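Since the structure comes first, as structure tokens, the remarks are kept for the end.
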Amino acid sequence: MEYPFREIEKKWQKIWEENRTFYVDIEDERSKFYLLSMFPYPSGVLHMGHVSNYSIADAIARYNIMNGYKVLQPMGYDSFGMPAENYAIQHHSHPEITTHENIDKMRKQFKSCGFGYDWDREVITCDEDYYRWNQWFFLKMFEMGLVYKKSSYVNWCPSCQTVLANEQAEGGICWRCDSKVEQKEIEQWFIKITDYVEELLDHSKLGNWPQRVITMQKNWIGKSFGTEIIFKVADEEIELPVFTTRPDTIFGCTYMVLAAEHPLVEKLIAKNSEKEKVLQFIQEVLNEDKIERTAEDTEKIGVFTGSYAINPVNNEKIPIWIGNYVLMDYGTGAVMCVPAHDQRDFEFAHKYDLPIRIVIQKPDKSLVLEEMKEAYIDEGVLVESAKFNDQKNITAIENISKWMEEKGIGRRTVHYRLRDWGISRQRYWGTPIPIVYCDDCGAVPVPEEELPVRLPKDVAVGKTRKNPLLSVPEFVHTTCPKCGGPAQRETDTMDTFFDSSWYYARFCDAHNNNEPFDSEKANYWLPVDQYIGGIEHACMHLLYARFFHKFMRDIGLVNTDEPFTNLLTQGMVTKDGAKMSKSKGNIVDPEEYIDRYGSDTLRVFMLFASPPEKDVEWNDEGVKGAFRFLNRIWVLVTEKQTFLKSLPNRYDEKAVMPGFAKKLRFSTHSTIKKVTEDINKRMQFNTAIAALMEHLNNVSAFECNEQSEKIVKAVYYEAIAAIPKLLQPFAPHLSEEVWSMLGNQTSILETGWIDYNEKFLIQDEVTYVIQINGKLRSKIVVDIDTPKETVEELALADEKTQKYTKGKTVRKVIVIPKKLVNIVV
RNA sequence: GCGAAAGUGGCGGAACUGGUAGACGCGCUGGACUUAGAAUCCAGUGGCCGAAAGGUUGUAGGGGUUCGAAUCCCCUCUUUCGCACCA
């Protein structure tokens with residue numbers, strides 16, 4: 001028999017919608033719980049990953065509703081960005097059309113899953129009423145001095161005449177035309193996220209966040225204490241500051257290396273007779289992949305600039321090189337090189353025959369230059385370092401820095417790996433950056449009253465690979481807001497991370513046309529109590545959103561410091577051990593399974609297959625297993641419906657009952673306890689469902705009929721009635737149906753969660769495991785409060801124990817209360 | 001390469017605080033029902049030896065701490081995620 005999931009699911013979805021079960025407002029007296037899942041990019045098809053993620057969230061939502069909270073669970077679409085543009089090109093359409101079509105499809109699919117969303121708050125980021133506030137925020141940031149323009153390098157395909165994303169330029173080859181990708185320097189808008197770096201480093205105001213996300217963010221921000229040392233270029237008045245965490249090795253610095261992008265490179269190579277060669281080298285380095293460039297096993301290559309610098313501590317003249325292993329993004333783009341004590345420098349010096357000088361000796365002074373096979377990076381004592389000789393290098397770090405500060409050749413500084421947020425994208429499908437370029441006034445922000453700067457719709461997407469906005473004269477040509485003269489609009493659009501940095505706040509007041517959201521409303525709902533999304537967002541999205549929240553706080557829009565109190569990072573859905581993707585051809589379509597088994601089955605499978613933080617391996621047979629479980633519940637209740645309705649729904653707690661009934665009561669109450677704690681303490685649904693399955697097995701094996709004692713009937717009823725309650729978070733439709741079949745009139749969501757009674761969890765006997773030398777040899781069952789000494793005696797007297805202890809001396813006996821006895825012989 | 005995690009039967013996983021490894025489910029094997037299949041129900045199921053009782057081995061690999069290690073420490077291997085223009 002197959003339970004009628006199609007009718008059941010449709011029926012309850014309709015009832016929830018009519019009752020407006022999941023629509024919430026501030027006036028409602030229950031306390032708030034804001035539950036948010038990362039919103040999807042609307043590809044048009046619901047992916048298994050979505051179902052998994054949103055099933056986890058919905059389970060938490062429903063559990064909290066039953067525990068008396070009003071749960072705000074909104075849904076929206078992260079609908080700007082490259083995939084939408086590419087999708088439209090492929091389908092010879094326009095992203096405006098395809099995106100909205102896709103959104104409509106996805107909304108329908110979400111509804112068929114029965115997720116408990118407040119649809120009145122739907123947010124679509126590519127709609128004007130949303131992105132206009134991106135522009136508004138940009139202007140506020142501009143006012144606050146958080147926005148600036150600087151040039152930086154982008155992947156450039158010379159044949160397509162377009163900027164490429166890193167993923168489109170893999171291996172240095174353009175994804176479309178296979179041309180070699182170049183690095184091109186262009187002007188871009190940046191946001192000073194680094195102004196908030198210290199606050200972003202402080203995770204103390206967060207609730208329950210995975211430690212690993214915090215660690216990843218800390219490493220990403222990469223705070224390091226060090227010293228900035230100012231080198232001067234020989235015979236020039238040019239200063240070349242370097243940042244180092246190892247000022248103790250400064251006397252061993254024998255050359256310098258600059259990044260190929262370093263702004264002074266041009267000056268330094270001006271007098272070099274082999275200038276052309278150097279320029280060619282620079283071009284080659286620039287076109288290398290950045291990850292490859294810094295990889296330790298990549299060959300370190302370089303070229304001499306022809307210029308020298310002066311080591312400020314000993315006035316030595318040292319050569320200045322350009323190398324592939326130095327990046328402009330970190331520190332000052334110039335490093336002092338100490339080949340004896342840095343592995344990369346060591347390799348580089350050997351390759352180009354540069355001098356190496358030991359300045360840190362092993363405590364036994366055994367380090368010999370000629371015998372060194374690698375750099376010595378451990379602790380030691382300073383040598384050849386003038387007045388710092390014989391100091392431990394750890395102390396010398398401090399002393400040398402102080403001394404350099406006094407001499408004015410260096411200062412202690414803090415450096416961060418975190419860079420400012422580049423938001424410019426040379427693409428069509430994004431929020432236009434509200435800036436106008438005037439020949440006289442320069443870059444002028446668009447006045448607030450003139451927002452939104454509308455993204456023109458009448459654009460031939462895909463005709464050229466260049467940013468289509470460039471070919472819309474009505475958009476580009478405008479007048480300067482300052483002087484009224486002719487001007488051009490900025491054609492760059494914003495990074496889509498901008499959209500997703502504040503959407504959680506928009507959900508609090510999704511249709512406000514006068515401001516991004518009403519402060520009071522946002523302060524009521526925020527912060528998000530539980531945020532759920534993939535670990536891949538650990539550094540970027542989650543940092544941008546934290547930054548944005550602090551910025552919104554500083555302009556008075558919100559009154560909290562952090563946007564997301566608790567965070568759950570869920571795993572992805574895999575098949576054959578790999579992430580589901582089009583290119584691998586291992587995609588499984590959720591809709592097919594919803595049609596075949598219903599959304600309850602799909603949810604139960606997803607939640608049961610693994611704990612939420614881990615990946616879920618797709619398994620067709622496993623889905624059938626989930627269906628079988630739900631079917632068994634339905635059959636059990638349907639077959640006995642009349643009998644069940646006749647059973648007493650209360651019983652005398654003190655009534656004497658037979659052992660088998662006591663056991664069932666234990667099963668009921670321990671299952672309630674297990675499911676409750678697995679949901680609210682551990683957020684582990686697989687074990688909760690396993691416990692429920694076990695309980696169902698116990699109930700199915702239980703014999704109860706018209707002739708049974710009254711107390712037995714009551715215990716049986718209690719055992720069955722607990723099932724729909726505990727099932728609601730995982731299989732909500734069936735849960736409701738079973739609940740109503742038991743004669744209940746209202747939605748189970750309106751009834752409370754179910755409590756267990758500690759009294760019924762107390763057992764009279766306990767099994768002790770007996771180990772001999774740590775190996776399991778026997779078991780004894782004793783009264784629960786048997787004293788330790790008696791347990792020891794009983795264990796030693798045990799027949800099987802005797803077999804192993806005979807003729808041997810018992811050296812030690814360890815008794816762990818209610819668990820085991822270990823006898824060491 | 002750097003940063004962060006993970007690795008347990010044929011498979012997904014459980015073991016929460018260092019204390020019975022393999023809960024629960026899938027698969028498989030045998031049986032019941034059936035003309036037959038599907039579905040359902042019952043029993044068994046880490047490997048090896050054994051008819052059984054039982055023994056022995058076993059949590060990626062190697063070493064260590066402990067009465068006792070899947071769990072703690074060190075080393076190695078493998079896989080996954082992120083690395084700033086995918087979202």
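The shown structure was predicted, so the numbers you read here are calculated from the model rather than taken from an experiment. Both backbone and side-chain heavy atoms feed into the values below; hydrogens, waters and symmetry mates do not.
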Ring of Tyr416(A), cation from Lys223(A) - is the NZ or CZ under 6.0 Å from the centre and inside 45° of the axis?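 Judged by the rule (NZ or CZ under 6.0 Å from the ring centre, within 45° of its axis), Lys223(A) is not positioned above Tyr416(A).
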
Taking the inter-plane angle between the rings of [X] and [Y] on a 0 to 90° scale, is it parallel (under 30°), tilted (30 to 60°) or perpendicular (over 60°)?
{"X": "Tyr131(A)", "Y": "Phe80(A)", "answer": "tilted"}
{"X": "Tyr54(A)", "Y": "His50(A)", "answer": "parallel"}
{"X": "Phe5(A)", "Y": "Phe627(A)", "answer": "perpendicular"}
{"X": "Phe547(A)", "Y": "Trp421(A)", "answer": "perpendicular"}

Atom pairs, N/O to N/O, protein against nucleotides 26-32 of chain B, distance under 3.5 Å?
from	atom 1	to	atom 2	distance (Å)
rC26(B)	OP1	Arg628(A)	NH1	3.2
rG27(B)	OP1	Glu621(A)	OE1	3.0

What is the nucleic acid contact for [X], judged by heavy atoms within less than 4.0 Å: base, sugar-phosphate only, or nothing?
{"X": "Phe497(A)", "result": "base"}
{"X": "Gly534(A)", "result": "nothing"}
{"X": "Met693(A)", "result": "sugar-phosphate"}
{"X": "Asn822(A)", "result": "base"}
{"X": "Gln188(A)", "result": "base"}
{"X": "Thr574(A)", "result": "nothing"}
{"X": "Arg212(A)", "result": "sugar-phosphate"}
{"X": "Asn773(A)", "result": "nothing"}
{"X": "His541(A)", "result": "nothing"}
{"X": "Trp421(A)", "result": "nothing"}

Does [X] have a side-chain nitrogen or oxygen under 4.0 Å from the phosphate oxygens OP1 or OP2 of [N]?
{"X": "Tyr804(A)", "N": "rG55(B)", "result": "yes"}
{"X": "Lys775(A)", "N": "rU57(B)", "result": "yes"}
{"X": "Arg632(A)", "N": "rU40(B)", "result": "no"}
{"X": "Lys614(A)", "N": "rA14(B)", "result": "yes"}
{"X": "Asn166(A)", "N": "rA84(B)", "result": "yes"}
{"X": "Arg425(A)", "N": "rC85(B)", "result": "yes"}

[Y] and [X] side chains, donor-acceptor separation under 3.5 Å:
{"X": "Trp175(A)", "Y": "Glu167(A)", "answer": "no"}
{"X": "Asp78(A)", "Y": "Ser500(A)", "answer": "no"}
{"X": "Gln188(A)", "Y": "Gln426(A)", "answer": "yes"}

Minimum-distance nucleotide (side-chain atoms of [X] versus [options]):
{"X": "Tyr41(A)", "options": "rA15(B), rA87(B), rG82(B)", "value": "rA87(B)"}
{"X": "Leu776(A)", "options": "rA14(B), rA21(B), rC86(B)", "value": "rA21(B)"}
{"X": "Leu820(A)", "options": "rG19(B), rG25(B), rA15(B)", "value": "rG19(B)"}
{"X": "Val154(A)", "options": "rG25(B), rA87(B), rC85(B)", "value": "rC85(B)"}
{"X": "Pro83(A)", "options": "rA15(B), rG13(B), rA87(B)", "value": "rA87(B)"}
{"X": "Val824(A)", "options": "rC24(B), rU80(B), rC67(B)", "value": "rC67(B)"}
{"X": "Ala165(A)", "options": "rU20(B), rC86(B), rA14(B)", "value": "rC86(B)"}
{"X": "Lys800(A)", "options": "rA84(B), rG54(B), rA87(B)", "value": "rG54(B)"}

With nearest nucleotides of RNA chain B determined for Glu617(A) and Arg777(A) from heavy-atom distances, which residue corresponds to the more 5′ nucleotide?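 Looking at the nearest nucleotide for each, Glu617(A) comes out on the 5' side.
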
Would you kindly compare Met82(A) and Val213(A) by the position of their nearest RNA chain B nucleotide and give the one closer to the 5′ end?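 This one resolves to Val213(A).
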
Syn or anti conformation of rG22(B), syn meaning chi within 90° of 0: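 rG22(B): anti glycosidic orientation.
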
Got a list of protein N/O to nucleotides 42-49 of chain B N/O distances below 3.5 Å?
none

Donor-acceptor pair (no angle test) under 3.5 Å: [X] side chain, [N] base:
{"X": "Lys819(A)", "N": "rU20(B)", "value": "no"}
{"X": "Arg427(A)", "N": "rC85(B)", "value": "yes"}
{"X": "Gln426(A)", "N": "rC85(B)", "value": "yes"}

How long is the line joining [atom1] of [X] and [atom2] of [N], in whole Å?
{"X": "Asn686(A)", "N": "rG22(B)", "atom1": "CG", "atom2": "C1'", "answer": "15 Å"}
{"X": "Trp209(A)", "N": "rA5(B)", "atom1": "CH2", "atom2": "C1'", "answer": "17 Å"}
{"X": "Asp499(A)", "N": "rC85(B)", "atom1": "CG", "atom2": "P", "answer": "15 Å"}

The criterion is salt bridge (charged side-chain N to carboxylate O under 4.0 Å, His left out); which residues satisfy it with Lys674(A), sequence neighbours excluded?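 For Lys674(A), the residues satisfying salt bridge (charged side-chain N to carboxylate O under 4.0 Å, His left out) (neighbours in sequence not counted) are Asp678(A).
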
Run through Trp502(A), Tyr196(A), Tyr504(A), Phe497(A) and flag the one making a ring pair (Phe, Tyr, Trp, His ring centres under 6.0 Å) with Tyr544(A).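 With Tyr544(A) as partner, Trp502(A), Tyr196(A), Tyr504(A), Phe497(A) yield a single ring pair (Phe, Tyr, Trp, His ring centres under 6.0 Å), made by Phe497(A).
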
For the pair Arg628(A) and Glu621(A), evaluate salt bridge (Lys or Arg N to Asp or Glu O under 4.0 Å) and give the outcome as yes or no after the intermediate values. CA-CA 11 Å; Arg628(A) 221 171 302 179; Glu621(A) 297 304 322; 5.3 Å; no

Could you spell out the base pairing of RNA chain B in dot-bracket, with Watson-Crick or G-U pairs whose two distances are under 3.5 Å, [ ] crossing and | to another strand? (((((((..(((......[....)))((((((.......))))))((((....))))..(((((..]....))))))))))))....

Contact between Ile221(A) and Leu543(A) at the side-chain level, heavy atoms closer than 4.5 Å - yes or no?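 Contact flag for Ile221(A)/Leu543(A) side chains = yes.
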
List in chain and number order the residues that pass side-chain hydrogen bond (donor to acceptor under 3.5 Å, both in side chains) with Thr569(A), two or more places apart in sequence or in another chain; answer none if no residue qualifies.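 With neighbours one apart ignored, the set is Glu613(A).
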
If the threshold is 4.0 Å, N to carboxylate O, is there a salt bridge linking Asp420(A) and Lys192(A)?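 So Asp420(A) does not pair with Lys192(A) through a salt bridge.
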
Pairing residues for Phe39(A) by the ring pair (Phe, Tyr, Trp, His ring centres under 6.0 Å) criterion, not counting sequence neighbours: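 Testing Phe39(A) for ring pair (Phe, Tyr, Trp, His ring centres under 6.0 Å), a comparison that skips the adjacent residues, returns Tyr503(A).
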
